[in-house]
Amino acid sequence: DLSELKADVKKLHSLLLRYSPRHKWLQVSNLPKEVYQHLACYVPKIYCLGPNLNPQNEDLLAPLLLQSPLEWYLCGEEPSVGLAKLEQNNQPSQLCGHVFKVGEPTYSCRYNCAADPTCVLCMQCFLGSVHKEHRYRMTTSGGGGFCDCGDTEAWKKGPYCQKHEPNISDSSQKDPLANLSDEMIARTYNVFSIILKYAVDMLTWEKEDELPEGLEARGDTYYCMLFNDEVHTYEQVIYTLQKAVNCTQKEAVSFATTVDRDGRKSVRFGDFQFCEQAKSVIVRNTSRQTKPLRVQVMHSSVVAHQCFALKALTWLGQIIRYSDALRRILCQVGLQRGPEGENSSLVDTLMLCDSKMWKGARNVYHQLFMSSLLMDTKYKKLFAIQFAKNYERLQNDYVKDDHDREFSVTDLSVQMFTVPSLARMLITEENLMTTIIRTFMDHLRHRDLQGHFQFERYTAQQAFKFRRVQSLIGDLKYVLISRPTEWTDQLREKYLESFDAFLELLKCMQGMDPVVRQVGQHIEMEPEWEAAFTLQMKLTHIISMMQEWCANVCSQYAFFLVNDSQIQKEPSGHVQSCAGASMMDPNHFLMIMLSRFELYHIFSSADCRKRCSRENANKDVVQQNNTLIEEMLHLVIMIVGERYTAGVGQVECSDEIRREIVHQLCIRSMAHSELVKALPENENKETGMERVIDSVASFKKPGVTGRGLYKLRPECAKMFNLYFHHYSRADQSKAEEAQRKIKRQNGEDSAPGEAPANTPSILALLETLQNAPHLEVHKDMIRWILKTVANIKTMRECTASAPPSDSSGHSQEETVRDKDKAERKRKAEMARLRREKIMAQMSEMQRHFINENKELFQQSLEELDPSTSSTLEHSPSSCDCTLVCVGPRRWRAGGSERRQVVTCILCQEEQEIRTDGKAMVLAAFVQRSTVMSKNRKRPPHNPDKYDPLFMHPDLSFGTHTGSCGHIMHSHCWQRYFEAVQAKEQRRQQRLRVHTSYNVENGEFLCPLCECLSNTVIPLLPLTKISCSSEQPDLSQWLNITSLQMKALLSAHRKAKAADADGVDDMDGVNDCPPPDGFKLDYTPKNPYSSTIKEMLTTFGTASYKVGLKVHPNEQDPRVPIMCWGSCAYTIQSIERLLVDEEKPLFGSLPCRQDDCLSSLTRFGSACWTVSSHATVQNHFIRLLAALVPDPRVENTPCILDIDMFHLLVSLVLSHPAVFSLDSSGLSADTAQLHFLHLVTVAHIVQILLTSVAGESLILPLHKAATSVLCFSGLREVNSGWHLWRCVKAGILPYLRAAAMFFHYLNGAPAPPELHSVGEWEALCGYLCLPSNLLQLFYNNRELMEPLVHCSRCSSVHHSSISYFRFPRDSNYLIELPGDYSALINQASSFTCPKSEGDKSRAPTLCLVCGAMLCSQSYCCQTELEGEDVGACTAHTFACGAGVGIFLRVRESQVLFLAGKTKGCFYAPPYLDDYGETDQGLRRGNPLHLCQERYRKIQKLWRQHSITEEIGHAQEANQTLVGIDWQHL
């Protein structure tokens, strides 16, 4: 606790004095004993004092009590001073040595600058190197490697960056120890020897309750220590721990996460028996199917010293950074041989005990090796020798171990085997290649009687072992990467010895696991083939590399595979085949071919055809022989005709690559990645394609989707050869068809491919060979071929030179063509006559139908006439009237405009939209949204108590409604949905998996487009509203409305009091009689049919259920509020989208959105009919009180806390419930116009209070009002023009949204001016507003006073709350860096927030708010609604109301999430120079941000289409449905 910590700190001062340079450690004869006594005293006091470790306490006390005395002794003075001197006098090496963190970006050059593909640079060195201007590869590190900057053996060009450039003046390399005094060297040697031996002893200690000599165990407490393995799953460990130590699931998850990260974790603390009990339960529960979890009961002192041993190794790694001299001393100490002789150094001890240590200990000492032994050139060589000596034993330990290779010391092989000088030395001195090959063969012990490898009876354990053995092939590849330029006798001798071992390996592979066709009976189980196939694929590159080494050694080994191996379609195989055919006797070569294809018996006698026809009556045998003959002839054609290969034809490597590209593009146009896969790679994994691609292909850039493609240039098509040696049968067929199609289009004849331009043709070669003495046997055949070719050539020349008139064949062809032309003309004429006849019949039937139904058509014409005149009267060209969407002068639809006929997509019947007809519905999807939120930190509301009547201006949560636009009968939809429900219920529980829709939540797929939906919106007709000529002005209307509200309030209170039996209070309640014509007891008739009313309830309940995340309740008073809010929020979001896309307000929306808004607004005006009228009337009273203060209405919000457009929509849509009681002749249109004026005035007040804060233009509202009233402008206010500009800009989004709302509500067409980028005057005219909105103040002075009163609460809250300026800025996804490597670098430094600084394995960036999350890990799982979910899923509910967009940084992949069960992966916005994404970062091309693709993702988010996109993706790819998205 704090008191003990203070006491320790007080002791520290005395300790520092005691451990000054005058301390007895400088004079003692037995320093190790003194240090061990000190550690024995203090280590148990700091570490492992209880069940839970205390890292903060340890990190504070260990440096002061344990490390500081060692530093005092090492420096001989104050450590901070001594270490600073060491750092100042240090001459650092040019090696960077930066150790890569997991996920950190690494860079390798593709300009052939690196010695091998494993040479990489860190980001800082790369940016300061010449390779930045080259083509380069970018990848993410798996952790453990280090930067090769400064290593001259790793780079052919540009080995140094600007930071590590060597100093020319200090060209002579000095011994690092020359800068240290002898005393300093001695002290350093003593300290390093003691601490390193102590750490090695403790980390390799196997006794559980004893300590090494000099250390003593204190106390009688133990830990039950659980160790990691790669066999048991998280779920198994969590379940076992819950039973063994009686912990909660959350604690078990924490234990399992730590075990997986650090390699071990104490799960119980106490006496021995208590811990042993837990161990027995764990072993018993995990040993049923596999080997049990490793558990040890360890004394607390042992655990304490092991914890400090790890800290000590970390401290050594930090100390040696101050000076290269300290690094060299540590290397000497580590590699110094002990008294036991062979393998007795401390480094050997650590390596040989690697598989016995836990993951955390391995990581620490591996890091120390890399920062010490591998950074010192001299000791790197000595370490490599020791590593090679112990190679076989280390690999055996690794194969028996179950940890991944990245946690094994064998993973360090890449740091040594890829260095050319070290590799040559190890081959020569330690016979490394032979050791690797024989170790590999020793592990594959299963052989058949002929000595071939046999994998078919492999158990699961043997298969696991085989996968681990494959790492030896990687080590062999590292050694072979750099070919020697100079050969010594000893190197040649050792290589040839290893080559013999390699031939033995190939001998064991030849004929391994043959898959023989079974005849006579069916095979129950397919033979094992995967292991043999994998081995062959893994060794493909090794074989090529061995050949290249052979070519350098001596020529007799160059073609060792011609006779004995299977001829492959690889570049080297083709060269060998051609070389073998040229160097061998032709008869001998053909005999080998016949023998290889087992066709010798067919061609062995003159009467082979007759004999084969008799013997091979079996059709299968005949077919097999034909196939084999075809394959053999195909191979002969390739060997003879394909000479575009270096070493066979007179061509360069670039010509060979060019021809490869041409033949790939002859199949089809390809992307860069497809070409790279199809082309052979060199040892640096490069194809050389970039040097020649532009000469044979043109590049077409991609659009917003797709990828860039290379298309073959027309002039290069002549290089096409059907028998190209890299074509598979499928490729050959596709290429032939593609080229024929192109030639037909161009009117050309197909011709065979050409030979290289600088080599003679086959014909010329035959002419030179006809007199060759060694081909005497074939002389007649060659002469016959030449004669036949000459005859064909003569015939072609005669045909080409003959005139058309003399050629009977040509005239014959013309006659055939004329006949075909005449026949086509005759058929076309017959088709024309048939069409005319059919049209005449249809016209006659139409006239007959009209004559029989004259009455019907007369009625239609009568309806058409007034509507036509109405249209003309209200057309924009009419001079006496303009288009207005609100108020008494608004446009009114005629008969045809109101009449709307639609077709059901399910039954295909037409139906007119009528209030008393069958209900037609629109498939819709309602979802919660934060797309327009300006306050994502606002906590979610309590759904049971939240009152959504007033929307806050920050729009923190909204409800959005979208639709695919497809219409159905309500009864058709109900039958369809019931069928979907029945289908889900019929499915057995064991077969039930997640689908792209959840029927229990009311979700379904649109029957036509399969778009995700969860409700339907009823389609309603435009309402007929009559308007009298005289209507009251605003003040009169307000007086009338005020009286109506008072009467309604009194009636509601009276009814409420009656329900509560409050008879005593009845007297003073009904003191406000209603005005004339206002009938409180009147119950209006519902004009809608039963099916429409049912659908009104359906959609209202869905909006309420989704918007508030509650169970459906039709009677809840908040149902109509949520419907109005959804209407307003949807219009606002679409209006913002149109502004940002610079589209006009009207005429640019797609039909689906247009129909959705029309249906949504008309539904909003009708939903009151299926709700409690008193409830809706009460809502209206409260809404109006926010504008016109009413002392009888309580809890009226501040004017700054109300979104005015939501208020306008709610007022207009709730008013019909009050208007239905009024029979005085007042018009609803008049009320709509007055609502618009009132809310507009209130919004202007909002803008005045919030928009001009820092410029001293915010005056008290009554003063501002006085200034306004003096003139229609703001001339008396300073910067009046600026104030008016703020008002105009701030109110424009509101006016645009209001125009859309009234347009869809009343059906008024928009003026042409608003079909382009809108004008202010046109918008104000359409809304029946003055163009100078401040005239609303001037014309209605009496309205100012209540607004001033309303604003007083605003001024009180103004200084205490954060207000929002108008217009609200649109929300966008976060800005991403242009270079993807910057994002990778940012993610590499991100640590898991719940794992004590551990690096996150899957850092994921939220594109909405920019938060970096630790995804797909148990450590960051949280509980959400009673279920454990991953960090991303939890974040979607906090940030996006259940919808999230994330970028998985290390996979370069966009993740869409919706809820807990829906998700999909999406193409990222980062592309390489070839217009392709690189999901998984496999290709490594530099990635740059494509703004167009990022804007597309942003548009999906702004349009609320993420859930729809997920639905389509899951329907297209069913594997996405089975992913547990909630764990991401």
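In this chain, numbering begins with 1 at the start of the sequence shown.
With sequence neighbours excluded, no residue satisfies salt bridge (Lys or Arg N to Asp or Glu O under 4.0 Å) with Asp1478. With sequence neighbours excluded, the residues that form a side chain to side chain contact (heavy atoms under 4.5 Å, CB included) with Arg135 are Arg110, Tyr111, Glu686, Glu690, Tyr1474. Residues satisfying the salt bridge (Lys or Arg N to Asp or Glu O under 4.0 Å) criterion with Lys711, sequence neighbours excluded, are absent altogether. Every residue meeting the ring-ring contact (aromatic ring centres under 6.0 Å, His included) condition with His98, not counting sequence neighbours, appears here in chain and number order: Phe100. For Arg424, the salt bridge (Lys or Arg N to Asp or Glu O under 4.0 Å) test picks out no residue, with sequence neighbours left out. Here Gln1386 pairs with Leu1383, Met1412 under the side chain to side chain contact (heavy atoms under 4.5 Å, CB included) rule; sequence neighbours left out.
His672 and Glu1476 form no side-chain donor-acceptor contact under 3.5 Å, judged by distance and modelled atom types alone. One side chain, Thr106 or Thr139, offers a donor N or O that lies under 3.5 Å from an acceptor on the other. Of the N and O atoms on the side chains of Tyr365 and Asp354, at least one donor lies less than 3.5 Å from an acceptor on the other residue.
Taking the six-membered ring for Trp, Tyr478 and Phe417 have ring centres at least 6.0 Å apart. The aromatic ring centroids of Tyr495 and Trp487 lie less than 6.0 Å from each other.
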If you apply the rule ring-ring contact (aromatic ring centres under 6.0 Å, His included), what do you find for Tyr1494 with Tyr1470, and how did you get there?
CA-CA 8 Å; Tyr1494 194 39; Tyr1470 282 92; 8.0 Å; no
Thr410/Gln395 under side chain to side chain donor-acceptor pair (under 3.5 Å): CA gap, chis, key distance, verdict:
CA-CA 7 Å; Thr410 57; Gln395 290 294 345; 4.6 Å; no
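More than 12 heavy-atom neighbours from other residues, nucleotides or ligands sit within 6.0 angstrom of CZ on Arg405.
When atom types are taken as modelled, the side chain of Arg1482 and the backbone of Gln1479 share a donor-acceptor pair closer than 3.5 angstrom. Judged purely by atom type and a 3.5 angstrom limit, Thr488 uses its side chain to pair as donor or acceptor with the backbone of Leu491.
Between Arg1450 and Tyr1380, the shortest heavy-atom distance links the atoms N-OH, 4.5 Å.
From Glu497, atom CD reaches atom NZ of Lys494 across 5.5 Å, with rounding to the nearest 0.5 Å. The line from OG of Ser345 to CG of Leu382 is 10.5 Å long, rounded to the nearest 0.5 Å.
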